[in-house]
Protein chains: 2
Amino acid sequence: MNNYSKQREAILDVMKENLVHPTAEEIYQLVLEKEPQISKSTVYRNINILVELGEIKKLNMTVGPDRYDYLYKEHSHAICEKCGNIFDFYYDFNKDEISKELLKQIGNNIDINSITIYGICEDCKSNNKK
Amino acid sequence: MNNYSKQREAILDVMKENLVHPTAEEIYQLVLEKEPQISKSTVYRNINILVELGEIKKLNMTVGPDRYDYLYKEHSHAICEKCGNIFDFYYDFNKDEISKELLKQIGNNIDINSITIYGICEDCKSNNKK
DNA sequence: ACCGAAATTAGGAATAATTCCTAATTTTAA
DNA sequence: TTAAAATTAGGAATTATTCCTAATTTCGGT
C-alpha cells in the first residue's frame, strides 16, 4: 500500500475540513462532493489505511457507528455514552506515570496513543428520557 | 423493564464468573450452558439492560466486536488498538480536576464514568506483523 | 515517454454484529 | 386468582463493514 490516489487525498481533505468526528457514512457523503464516482468500499479501505498511517484516529463509540477524527493537534476526547456526543479537550495526563503504573500492574509496556473519558453529558442527565 | 427473569440472572452470573471481557457472542455461548433454550436476541437485550442498569460496562473496541465487563470493582482499562487485548488496571485519575477542566473547555458538566487508555501493547510493537 | 508490475478503484456480493418483530410464556401486584 | 405488563424464543431485518473481481491508475526502471 501507499501509492498516491486522488480518492485517498480527497478523504484526507474532507477530514481536515470537517473536524466534527464524522462516521464512515458521513465521510462518504462528504467525499462524494469532490469525487462523485467514489465507492463506499474505497472510502472504508482508505479510512483504515489513514488510521494505520496515524493520520486520523478511530473513535470507539458506545452508541452508533464508529467515528473518525483528524489529528491536527494532540487532544483527548470525552464521549457521552448515552447520546454519543464527542467533546474535544486538552488535558495534560501524566502519560509517563500511567505507563509506569501499567507496566507494574499488568507487566506490559504499552505505548499510550490516547486517553478517552466516557460519561454522561449534562443534557442526557437532565432530559432523563432514555 | 425490570421484571425478574432467570435468563437475565444467568447472564449476570456468567459475567460475574468470567471476568475476561467477553463479547456478546461469547456471553451467549457461556449462558447456553446454564439456559440451553436462551436465544441470542434475549442475550443482546439483557446485556443492554444490564449496561443501562450500570451492572456491567460496555468496552468500546477499535478492533472486533464490543466487549463487556462486570463492574466488581472500579478500575480502568488499557486497550491495544492492534490486537484488541484489554488490560485491567487501577489508577487514581483526578476526576474532579478533569471534570473542572471539561466544564471550562467545553462548557459541559460531564459525569465521568470511566477513563480508557488506547495504545499499542508490547507484543504488537515487536511482532511488527500487521 | 514506454512498459510491465504493483497498487488502487468501482460496484456489488458477502459477512458480521446487532436490533426488531410477533405470538407465546412468565412475572407481578392487586 | 387473574389481568396487565414484561419477557421470551426464534427468526427476519437492518446496519456496518469487509471481501471479491475485473478494469484502471500509479510507479520505477529503462
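Straight-line distance from the CD atom of Q37(A) to the P atom of dA10(C): 8 Å, rounded to whole Å. Atom CG of L32(B) and atom C1' of dT8(D) are 15 Å apart (whole Å). As a whole-Å value, the separation of I27(A) CD1 from dA16(D) C1' is 13 Å. Rounded to whole Å, atom P of dA17(C) lies 16 Å from atom CG of N60(B). Atom C1' of nucleotide dT18(C) and atom CZ of R45(B) are separated by 13 Å, given to the nearest angstrom. Put simply, CD1 on I47(B) is 10 Å from C1' on dT18(C), counting in whole angstrom units. At whole-Å resolution of the value, NZ in K40(B) and P in dA9(D) are 14 Å apart. With rounding to whole Å, N48(B) atom CG is found 12 Å from dC20(C) atom C1'.
The side chain of P65(B) lies closest to dA17(C), out of dA17(C), dG11(D), dT8(C). With dT27(C), dA7(C), dT18(C) as the candidates, the nucleotide lying closest to the side chain of N3(A) is dA7(C). When each of dT17(D), dA10(C), dT18(C) is scored by its nearest atom to the side-chain atoms of D66(A), the top-ranked nucleotide is dT17(D). Side-chain proximity of Y4(B) to dT7(D), dT17(D), dT27(C): nearest is dT27(C). For N46(A), counting side-chain heavy atoms from C-beta on, the closest listed nucleotide (dA9(D), dT18(C), dT9(C)) is dT9(C). In this structure, of dG11(C), dA9(D), dT18(C), it is dA9(D) that holds the atom nearest to the side chain of I38(B). Listed candidates were dT7(D), dT18(D), dG11(C). Nearest to the side chain of Y44(A) is dT18(D). Among dT9(C), dT18(D), dT7(D), the nucleotide with an atom closest to any side-chain atom of R8(B) is dT7(D).
With Y91(A) as the partner, the side chain to side chain donor-acceptor pair (under 3.5 Å) test is satisfied by one option alone out of Q105(B), E97(B), E101(B): E97(B).
Listed by chain and number, the residues in a side chain to side chain contact (heavy atoms under 4.5 Å, CB included) with S99(B) are I112(B) (sequence neighbours excluded).
When the side-chain nitrogen and oxygen atoms of S5(B) are compared with OP1 and OP2 of dT8(D), one or more of them lie within a distance under 4.0 Å. Between Q7(B) and the phosphate of dT26(C), there is no side-chain N or O to OP1/OP2 separation shorter than 4.0 Å. Between S39(A) and dA10(C) there is a side-chain N or O to OP1 or OP2 distance below 4.0 Å.
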> Going through the distances and angles, do D69(B) and K57(B) end up as a salt bridge (charged side-chain N to carboxylate O under 4.0 Å, His left out)?
Replying inline: CA-CA 5 Å; D69(B) 192 19; K57(B) 174 156 181 61; over 6 Å; no

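Salt-bridge annotation for K34(A) and E17(A): present, with a side-chain N of the basic residue lying under 4.0 Å from a carboxylate O of the acidic one. The pair K58(B)-E52(B) does not count as a salt bridge, with every side-chain nitrogen at least 4.0 angstrom from each carboxylate oxygen. A salt bridge links E25(A) with K40(A): at least one charged nitrogen is closer than 4.0 Å to a carboxylate oxygen.
Contact annotation for S41(A): base contact, defined as any heavy-atom pair under 4.0 Å involving a base atom.
A side-chain donor-acceptor contact under 3.5 Å links T42(A) and R45(A). Between N46(B) and Q7(B), the side chains place no donor N or O within less than 3.5 Å of an acceptor N or O (distance only, hydrogens not considered).
Computed from C1' positions of five pairs at each end, the angle between the two local axes of the helix from dA1(C)-dT30(D) to dA30(C)-dT1(D) equals 50°, rounded to 10 degrees.
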